[in-house]
Structure formats: C-alpha cells, structure tokens
*Asks:* 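Can you keep this structure in mind? I'll have questions shortly.
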Amino acid sequence: MKILVCISNVPDTTTKVKFKENNTLFDDSGVQWIINPWDELALTRALELKEDAGNSIDEVSVIHVGGAQTDATLRKALAIGADKAIRIDACAADAYYVAGQIAAYLKENPFDIVFSGIESSDYNGSSVGAMIAEFMDYPGISSVTNVDLSNSEVVLYRAIPGGKQKIKVEIPFVAVVQKGITNEPRIPAMRGIMMARKKPLEVKPAVEMDVLTKSVKFELPEAKGACKMIDAENVEQLVDLLKNEAKVL
Amino acid sequence: MSVIAFAKNWNGKFKNSTYELVSYTKKIADQLNTKLIVVSIGEVNNEDLKSLGKYGAERLISVNDPQMNILTSRVYSQVISEIAEKEGANIIVLSDNNSGKAIAPRISVKMKAGMVAAVQELPVSLDPFIVKKRVFSGKAFAHVQIDSPVKVLTIAKNCFGVLENQVDCLIEEFEPEVSKDLYKIQVLEEEEQKNKVILSDADIVVSAGRGMRSPDNWGVVEELAEVLGAGTACSRPVSDEGWRGHEEHVGQTGKVIAPNLYFAAGISGAIQHVAGISRSKCIVAINIDPEAPIFGVADYGIIGDVMEVLPKLTEAIRNSKS
Ligand SMILES: Cc1cc2nc3c(=O)[nH]c(=O)nc-3n(C[C@H](O)[C@H](O)[C@H](O)COP(=O)(O)OP(=O)(O)OC[C@H]3O[C@@H](n4cnc5c(N)ncnc54)[C@H](O)[C@@H]3O)c2cc1C
Ligand SMILES: Nc1ncnc2c1ncn2[C@@H]1O[C@H](COP(=O)(O)O)[C@@H](O)[C@H]1O
C-alpha cells in the first residue's frame with residue numbers, strides 16, 4: 001500500500017503576523033516556515049505505520065502545492081523520513097485550486113491512503129482534505145484521531161462531539177487527521193538530513209483549475225483592555241464582577 | 001434564488017449551535033430578500049423539527065431516513081447539493097463543527113461553489129460577496145471574497161447568537177435516491193462520554209495547565225467545573241503527558257473554543273494556547289507568576305497558587321448560588 005501525505009507550508013506558530021500593501025497582503029519578511037503542525041503529525045503516523053512490517057506499506061510520499069521557495073519545507077519532510085516529495089509548481093491560490101491540483105496528480109499516480117491535516121495554521125481553511133476526497137469520489141473521514149492497519153481491514157477512529165467512533169473503511173480513502181493521531185511529531189535526525197539530499201523531489205507543472213475565493217483585506221484584532229487584578233484573598237469580588245460586570249455567570 | 005441552512009441533529013436533537021445557524025441564515029435570507037430553506041438529514045421527530053420555526057425556518061426539508069442517522073459525508077453532501085440544485089440555492093450555510101468540516105468542502109466541489117470556513121459575523125458585503133473569518137489561528141482576520149455563483153459557508157460558534165423570529169414551520173419530506181455505493185464506511189463501535197459537559201458545547205470552561213503540577217491535583221479543577229456546570233479543558237503539555245485526555249486539549253493544535261467564560265488555571269498563556277481560546281467572551285487567569293503572558297489576554301486575573309485559589313473560588317460560587 002502507498003500513503004500520500006499532504007503538506008502545507010506555514011509560518012512558524014510564534015510568528016508575529018503583519019500585513020503590507022494597505023493590509024491586502026501577508027508580510028512574509030523574516031518569517032520562518034514550517035510544516036503545518038497537523039501534517040507533521042500525519043507524516044509521523046504514516047511513517048510509524050510503514051515501519052510496522054505487518055502493515056505492508058511500501059511508500060510514504062508527501063505532496064505540496066507551492067512555489068520553489070517551499071522546497072526547504074519539503075526537504076524537511078524527506079529528512080523526517082518520507083520516501084519522495086512531489087511539488088506541484090503553482091501558487092496555492094485557494095482550497096479548491098489546491099485540492100484540484102492534488103486530485104489531478106492522484107488520478108495519474110494512485111495512492112491507497114491520503115492524509116491531510118484538519119487545517120492549515122495560516123488561512124485556517126479546513127477544507128483541502130475533504131475536497132480532495134470529493135474530486136476523487138473517495139470516502140473522506142474527518143476528525144480522525146487514530147488509524148489502525150494491523151488487521152485485515154482498515155480501522156479509523158474519529159472524534160464526534162463528546163465521544164469517538166470506530167469506523168471501518170475501504171481503500172482508497174482520504175483521512176483528515178487531528179490531534180491524537182500520534183503523540184509527538186518526529187524531528188529530523190542528522191542521518192535523515194543526509195539521506196534527504198539523495199531522495200527525489202519531483203516538481204510537476206500545475207493543471208488548469210479555477211480559483212473561487214480570494215482574500216481581499218486583512219485586519220488585526222482589536223487590542224484587549226487591561227486585565228483587572230483581584231486579590232487572591234477576595235475571590236468573592238471576582239464572583240461579583242463575573243455576575244454583575246461581565247454578566248457571564 | 002434561496003438560502004439553505006443544514007441543521008445537523010445529534011441523536012435526533014438540535015443544539016443551540018443549530019438555532020444560531022438558523023438565526024444567522026434567516027438574517028442573510030432577509031438581507032437578500034429571498035427564502036430560507038432548512039435541511040435536516042436523519043430521523044428527527046416533527047416536534048423537534050418544528051422548533052426551528054422559532055428562529056425563522058419557514059420551510060424545512062426533512063430527509064427522515066434512519067439509514068442516514070450516521071454522518072457519511074458523501075451521502076450528506078450529495079443530498080444537500082441535490083436540494084440546493086433543485087431549489088436554485090445560491091448560499092449554503094453549515095455550522096463549523098466536525099460534521100460541517102466534513103460536508104461543506106464536498107458540497108463546494110460538487111457545486112463548484114467557493115467556500116469559506118469559520119465565518120465570524122454576517123457578510124461584510126453581499127455584492128461582491130465578502131465574509132470575515134479568523135486567520136493565522138486568531139492572530140488576524142481576513143475578508144474573503146467568493147466569486148462563484150453558489151457560495152458555501154460554515155459559521156463559527158457564538159459568531160451571531162440566537163435570534164428569535166417565530167414563523168410557522170412547513171415540513172416537507174424528501175426521499176433522495178442515494179446509491180448504496182456511497183456508504184463505504186461502517187461504524188463498528190461508538191463511545192460516548194457520559195454525564196460530562198461536552199467541551200465544544202460548554203458555555204463555561206475550566207481549564208488547567210502544567211501549573212497544577214500533578215494529575216492527582218485535578219480534583220479542585222473538577223469541583224469548580226461542577227458547581228459551574230462547566231466543561232473541563234487543558235493545555236497541550238497536560239494532554240501530551242497523559243494527565244488528561246486528548247479531547248480536553250485546547251489551542252492551535254487542539255480544539256478552538258468560544259465559551260462565554262474561560263478559566264485558565266496554572267496556564268502560562270503561550271501564543272499557541274491563546275489561539276484556541278481567544279474568542280472566549282471573558283477570560284479569567286489564575287497564575288502564581290505576575291509576569292505570565294496569560295494576564296495579557298485575560299479580563300480578570302488572580303495572582304496566587306491554584307491549589308488555594310480554586311477551592312476558595314468554588315466555595316464562593318457555591319455560596320453565591322445558595
Ligand atoms: C507547533 C506548536 C503547537 C502548539 N499547540 C498548542 C496548543 O494547541 N495548546 C497549548 O496549550 N499549547 C500548545 N503548544 C505549547 C505551548 O507553546 C506551551 O508550551 C504550552 O501551552 C504551555 O502549557 P502550560 O501553560 O500548561 O505550561 P507552562 O508554560 O509550563 O506554564 C505553567 C504555568 O503555571 C504557572 N504555575 C506554576 N505553578 C503554579 C501554581 N502553583 N499556581 C498557579 N500557577 C502556577 C506558571 O507560572 C506558568 O505560567 C504548542 C507548541 C508548538 C510549538
Ligand atoms: N498548498 C498545499 N499543498 C498541499 N497540501 C495542502 C496545501 N494546503 C493545504 N493542504 C493540506 O490540507 C490541509 C488543510 O488545509 P486547509 O484546508 O488549507 O486548512 C493541510 O493540513 C494540508 O494537509
């Protein structure tokens with residue numbers, strides 16, 4: 001079996017967000033780029049599944065839609081352990097466009113399992129994974145917290161409000177993964193970094209695809225008012241403020 | 001022209017977030033001078049369906065099929081798209097929760113309709129159609145323009161509130177033809193947490209972090225949650241350590257929540273944590289360190305030891321109730 005992990009390239013989670021050109025563009029000067037945290041977890045889980053020989057997975061590849069400046073992120077995915085990286089050479093204009101590009105690749109190069117993250121930490125679209133499933137006419141399972149291939153059938157766990165479901169699914173499918181899928185993301189080791197240099201990073205041209213949405217303006221949240229401090233010996237005052245000032249009790 | 005809201009049920013019942021969704025969508029329908037159609041899938045009794053009339057659901061299309069009680073995103077998206085097609089809908093609105101996240105993108109592809117997730121308020125403009133959503137995990141907002149004729153939105157919890165607007169709710173049954181081939185997933189088991197407030201639904205959340213020092217100290221957190229009827233949550237290291245379950249982890253890589261009141265006890269307030277809670281209406285921080293960044297985002301703060309402050313607070317709330 002083959003697993004494809006979709007990788008989104010996002011600003012480091014501690015980035016101070018700024019905009020330019022009259023708040024119409026994200027200002028990426030000085031920004032550190034990382035693999036989207038959920039995609040890193042998805043990749044880690046895919047590699048764990050591959051290392052368990054019983055699962056007979058012979059390939060874990062990563063795919064990304066983006067320009068050449070994102071190759072460092074893909075090299076990192078290779079260093080963590082992916083066998084191959086594919087970059088569709090295009091600007092990731094919107095979720096529909098990105099999912100369409102990945103689906104076009106999948107139609108030519110079939111995989112059994114596709115992993116995507118629940119959302120990109122930059123534009124928080126939470127849509128690419130399920131859109132790929134629809135373009136491919138595959139089952140798509142969202143909020144996946146675990147994948148188990150150890151038996152003859154594929155078993156997934158998905159979070160539902162206040163609980164979880166154990167689900168049987170047939171390949172091929174798309175799993176949109178979230179927290180819980182594995183504990184810690186893997187960090188590239190020296191050996192992995194050396195090996196990554198020799199691994200294939202294929203660059204493919206984009207196909208014709210529509211873009212349906214665009215960000216026309218950005219704004220920063222309003223600054224928060226000062227925090228009102230209450231003496232630890234006087235918690236009754238807090239209760240009173242929550243009731244009568246904030247009106248939330 | 002019409003506007004569709006997808007009213008998801010949980011075991012045959014609607015939640016407050018569904019009422020908010022119907023209220024929101026009714027408002028858009030009014031702004032556009034068009035009709036609201038609410039779609040319900042799976043078994044729901046007529047009385048519960050009619051309850052949506054209180055929020056402006058004049059027409060309700062119910063697909064009352066027990067086979068569809070369990071969320072299968074392929075089936076749900078097909079049914080909603082089919083109705084949208086038939087009714088000439090140009091805006092389809094869902095709640096931004098597990099099911100909305102699974103269904104909305106599929107509708108978007110089926111109908112070639114631009115989609116925006118977790119919209120924060122009513123559209124900024126109707127023509128061109130622009131909505132506001134949070135981006136960069138809460139560090140900013142984007143105004144997103146949808147250029148396709150049909151538009152799909154999911155709305156964030158507590159973005160609009162519940163607005164009463166009593167109308168007579170006309171229920172129509174609809175039986176779509178759905179190919180068996182679409183049911184490729186099968187639920188083997190379901191586990192539900194019993195007698196606990198569901199975090200994503202909770203109006204009040206008591207959350208604690210590494211400042212609790214040990215999982216054995218969580219009794220004081222649970223007691224406070226109990227008097228408040230609150231849900232419990234935690235920071236990421238706490239769930240990574242296995243002190244609490246993953247379902248309690250809030251933040252950028254955990255759940256994003258928007259309760260009315262959020263207590264952060266022994267939580268430093270790292271930017272990734274704040275990403276998950278910044279939409280709370282009111283934040284109370286309890287921390288021993290006056291310099292902790294959580295005080296920068298909190299509305300009220302107490303400097304002190306969680307093990308002393310939390311029991312006192314529980315006591316004070318109990319007293320204020322009696
Ligand atoms: C990619 C990425 C994603 C992340 N995602 C998340 C996420 O989704 N959610 C999340 O929470 N974190 C996330 N983190 C981790 C985050 O950066 C912080 O490390 C984490 O939030 C800290 O948790 P904490 O506040 O419980 O612990 P700490 O930072 O250790 O803070 C403990 C606090 O408790 C206080 N304290 C200690 N003793 C007491 C006492 N007796 N009484 C009162 N106060 C006391 C201390 O003063 C301190 O402020 C992420 C990190 C990365 C890199
Ligand atoms: N440009 C991209 N290239 C490849 N995969 C992507 C891209 N953008 C998003 N994804 C995948 O889709 C998931 C959800 O992203 P989004 O829908 O943008 O929030 C991410 O976690 C990735 O797995």
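Remember, predicted model here, so these are calculated numbers, not experimental data.
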*Asks:* With a 4.5 angstrom heavy-atom cut-off, is it the side chain or the backbone of A:Asp137 that approaches chain B, or both, or neither?
*Replies:*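 A:Asp137 touches chain B through backbone and side-chain heavy atoms alike.
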
*Asks:* Taking side chain as everything from C-beta outward and backbone as N, CA, C, O, which of these in A:Ser143 sits under 4.5 Å from a heavy atom of chain B? Side chain, backbone, both or neither.
*Replies:*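 For A:Ser143, the side chain is the part near chain B, not the backbone.
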
*Asks:* What part of A:Val211 lies closer than 4.5 angstrom to a heavy atom of chain B: side chain, backbone, both or neither?
*Replies:*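 Neither the backbone nor the side chain of A:Val211 comes within 4.5 Å of chain B.
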
*Asks:* By number, which residues in residues 95-108 of chain A have some heavy atom less than 4.5 Å away from chain B?
*Replies:*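 The list, in residue order, reads A:Tyr96.
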
*Asks:* Select one option (side chain, backbone, both, neither) describing which atoms of B:Ala142 are under 4.5 Å from chain A's heavy atoms.
*Replies:*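 For B:Ala142, heavy atoms of backbone and side chain both lie under 4.5 Å from chain A.
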
*Asks:* By number, which residues in residues 125-133 of chain A have some heavy atom less than 4.5 Å away from chain B?
*Replies:*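 The residues closer than 4.5 Å to chain B, in numerical order, are A:Gly125, A:Ser126, A:Ser127, A:Ala130, A:Met131, A:Ala133.
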
*Asks:* Tell me which of these, A:Pro161, A:Ala246, A:Pro37, has more heavy-atom pairs under 4.5 Å with chain B than the rest.
*Replies:*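 It is A:Pro161.
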
*Asks:* Measuring from atom NZ of A:Lys179 to atom CD of B:Glu248, what distance do you get when rounded to the nearest 0.5 angstrom?
*Replies:*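 A:Lys179 NZ to B:Glu248 CD: 11.0 Å, rounded to 0.5 Å.
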
*Asks:* Taking the side chain as every heavy atom from C-beta outward, state whether A:Ser121 and B:Gln252 have any atom pair closer than 4.5 Å.
*Replies:*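 In contact.
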
*Asks:* Find out whether B:Glu189 and A:Gln165 are in side-chain contact, i.e. whether some heavy atom of one side chain is under 4.5 Å from a heavy atom of the other.
*Replies:*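 Side chain of B:Glu189 against side chain of A:Gln165, heavy atoms only: no contact under 4.5 Å found.
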
*Asks:* If you tally heavy-atom pairs under 4.5 Å against chain B, which of A:Leu220, A:Val239, A:Ile230 wins?
*Replies:*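 Max contact count across the listed options: A:Ile230.
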
*Asks:* Below 4.5 Å from any heavy atom of chain A, which atoms of B:Ser73 appear? Answer side chain, backbone, both or neither.
*Replies:*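 The answer is the side chain of B:Ser73.
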
*Asks:* Less than 4.5 Å apart, side chain to side chain, heavy atoms only: is that true for A:Lys224 and B:Asp299?
*Replies:*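 A:Lys224 vs B:Asp299: side chains touch.
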
*Asks:* Evaluate the side-chain proximity of A:Leu249 to B:Ile204: yes if any heavy-atom separation is below 4.5 Å, no if none is.
*Replies:*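 Heavy-atom side-chain distance check passes, below 4.5 Å.
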
*Asks:* Measure distances from B:Ile103 to the heavy atoms of chain A and classify the residue's part below 4.5 Å as side chain, backbone, both or neither.
*Replies:*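 Looking at B:Ile103, nothing touches chain A.
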
*Asks:* Name the region of A:Leu156, side chain, backbone, both or neither, that has any atom closer than 4.5 Å to a heavy atom of chain B.
*Replies:*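 Looking at A:Leu156, nothing touches chain B.
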
*Asks:* Once you round to the nearest 0.5 Å, how far does CZ of A:Phe26 lie from CZ of B:Phe136?
*Replies:*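 Reported to 0.5 Å precision, the distance equals 4.0 Å.
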
*Asks:* From A:Thr213 OG1 over to B:Phe129 CZ, what is the distance, rounded to the nearest 0.5 angstrom?
*Replies:*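 A:Thr213 OG1 to B:Phe129 CZ: 12.5 Å, rounded to 0.5 Å.
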
*Asks:* Of the backbone (N, CA, C, O) and the side chain (C-beta and beyond), which part of B:Lys112 lies under 4.5 Å from a heavy atom of chain A, both, or neither?
*Replies:*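 Contact with chain A: backbone and side chain both.
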
*Asks:* In the structure I gave you, are the side-chain heavy atoms of A:Met229 and B:Ile302 within less than 4.5 Å of one another anywhere?
*Replies:*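 Of all side-chain heavy-atom pairs linking B:Ile302 with A:Met229, none is under 4.5 Å.
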
*Asks:* Give the C-alpha distance, both sets of side-chain angles, the deciding distance and a yes or no for side-chain contact (heavy atoms from CB on, under 4.5 Å) between B:Leu313 and A:Leu238.
*Replies:* CA-CA 8 Å; B:Leu313 197 53; A:Leu238 175 64; 3.7 Å; yes

*Asks:* Under a 4.0 Å threshold between the charged nitrogen and the carboxylate oxygen, would A:Asp122 count as salt-bridged to B:Lys139?
*Replies:*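 Answer for the salt bridge query: no.
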
*Asks:* Which answer fits B:Thr72, side chain, backbone, both or neither, if we ask what part of it has an atom under 4.5 Å from a heavy atom of chain A?
*Replies:*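 Neither part.
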
*Asks:* For the candidates A:Gly225, A:Pro11, A:Ser142, which exhibits the highest count of non-hydrogen atom pairs separated by less than 4.5 Å from chain B?
*Replies:*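 So the answer, after comparing A:Gly225, A:Pro11, A:Ser142, is A:Ser142.
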
*Asks:* Answer with yes or no whether the side chains of A:Glu219 and B:His143 bring together a donor and an acceptor at under 3.5 Å.
*Replies:*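 Yes, A:Glu219 and B:His143 have a side-chain donor paired with an acceptor closer than 3.5 Å.
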
*Asks:* Within the 4.5 Å heavy-atom criterion, are B:Val144 and A:Val216 side-chain neighbours or not?
*Replies:*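 They are not in contact (no side-chain heavy atoms under 4.5 Å apart), so the answer is no.
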
*Asks:* Can you check whether A:Asn124 reaches B:Lys133 side chain to side chain, under 4.5 Å on heavy atoms?
*Replies:*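 Sidechains of B:Lys133 and A:Asn124: in contact.
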
*Asks:* Under 4.5 Å from any heavy atom of chain A, what part of B:Arg74 do you find: side chain, backbone, both or neither?
*Replies:*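 Only the side chain of B:Arg74 comes within 4.5 Å of chain A.
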
*Asks:* Roughly how far, to the nearest 0.5 Å, is the NZ atom of B:Lys184 from the CZ atom of A:Phe173?
*Replies:*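 Reported to 0.5 Å precision, the distance equals 13.0 Å.
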
*Asks:* Is the shortest side-chain N to carboxylate O distance from B:Glu191 to A:Lys166 below 4.0 Å?
*Replies:*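 Here B:Glu191 does not pair with A:Lys166 in a salt bridge, since their nearest N and O are not under 4.0 Å apart.
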
*Asks:* Measure the shortest side-chain to side-chain distance between A:Glu236 and B:Ser320 over non-hydrogen atoms and say whether it is less than 4.5 angstrom.
*Replies:*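 No - every pair of side-chain heavy atoms lies 4.5 Å or more apart.
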
*Asks:* Between B:Ile317 and chain A, which part of the residue has a heavy atom less than 4.5 Å away: side chain, backbone, both or neither?
*Replies:*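 Backbone plus side chain of B:Ile317, per the 4.5 Å heavy-atom cut-off to chain A.
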
*Asks:* Given heavy-atom pairs under 4.5 angstrom as the criterion, report whether the side chain, backbone, both or neither of B:Leu228 touches chain A.
*Replies:*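 The answer is the side chain of B:Leu228.
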
*Asks:* Run A:Arg158 and B:Ile185 through side-chain contact (heavy atoms from CB on, under 4.5 Å) and show every step you take.
*Replies:* CA-CA 12 Å; A:Arg158 81 170 164 200; B:Ile185 70 165; 4.0 Å; yes

*Asks:* Could you give the distance from OG (B:Ser108) to CG (A:Leu212), rounded to the nearest 0.5 Å?
*Replies:*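 Going from the OG atom of B:Ser108 to the CG atom of A:Leu212 covers 6.5 Å.
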
*Asks:* If we ignore hydrogens and angles and just use 3.5 Å, is the side chain of B:Asn98 paired with the main-chain N or O of A:Ala159 as donor and acceptor?
*Replies:*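 Judged by distance alone, yes, a pair lies under 3.5 Å.
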
*Asks:* In terms of heavy-atom pairs under 4.5 Å, which option from B:His249, B:Lys255, B:Lys321, B:Arg134 contacts chain A the most?
*Replies:*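 Ranked by heavy-atom pairs under 4.5 Å with chain A, first place is B:His249.
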
*Asks:* Would you give the length of the straight line joining atom CD of B:Gln145 to atom NZ of A:Lys217, rounded to the nearest 0.5 angstrom?
*Replies:*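 Going from CD on B:Gln145 over to NZ on A:Lys217, the span is 12.5 Å.
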
*Asks:* Against chain B, label A:Lys243 side chain, backbone, both or neither, depending on which of its atoms sit under 4.5 Å from a heavy atom there.
*Replies:*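 Answer is side chain: those atoms of A:Lys243 sit under 4.5 Å from chain B.
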
*Asks:* Non-hydrogen atoms of chain A under 4.5 Å away: do they reach the side chain of B:Val124, the backbone, both or neither?
*Replies:*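 Contact with chain A is absent: no heavy atom of B:Val124 under 4.5 Å.
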
*Asks:* Against chain A, work out which of B:Leu261, B:Ile271, B:Asn260 has the most heavy-atom pairs shorter than 4.5 Å and name it.
*Replies:*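 Looking at each option in turn, the highest pair count goes to B:Leu261.
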
*Asks:* Quick check on A:Phe19 against chain B: is it the side chain, the backbone, both or neither that has a heavy atom closer than 4.5 Å?
*Replies:*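 Only the side chain of A:Phe19 comes within 4.5 Å of chain B.
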
*Asks:* Salt bridge or not for B:Glu192 and A:Lys164, using N-O below 4.0 Å?
*Replies:*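 Result for this pair is no, no salt bridge flagged.
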
*Asks:* Could you look at A:Glu170 and say if it's the side chain, the backbone, both or neither that has a heavy atom under 4.5 Å from chain B?
*Replies:*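 Both parts, heavy atoms under 4.5 Å.
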
*Asks:* Need one label for B:Ala113: side chain, backbone, both or neither, based on atoms under 4.5 Å from any heavy atom in chain A.
*Replies:*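 Backbone of B:Ala113 only, per the 4.5 Å heavy-atom cut-off to chain A.
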
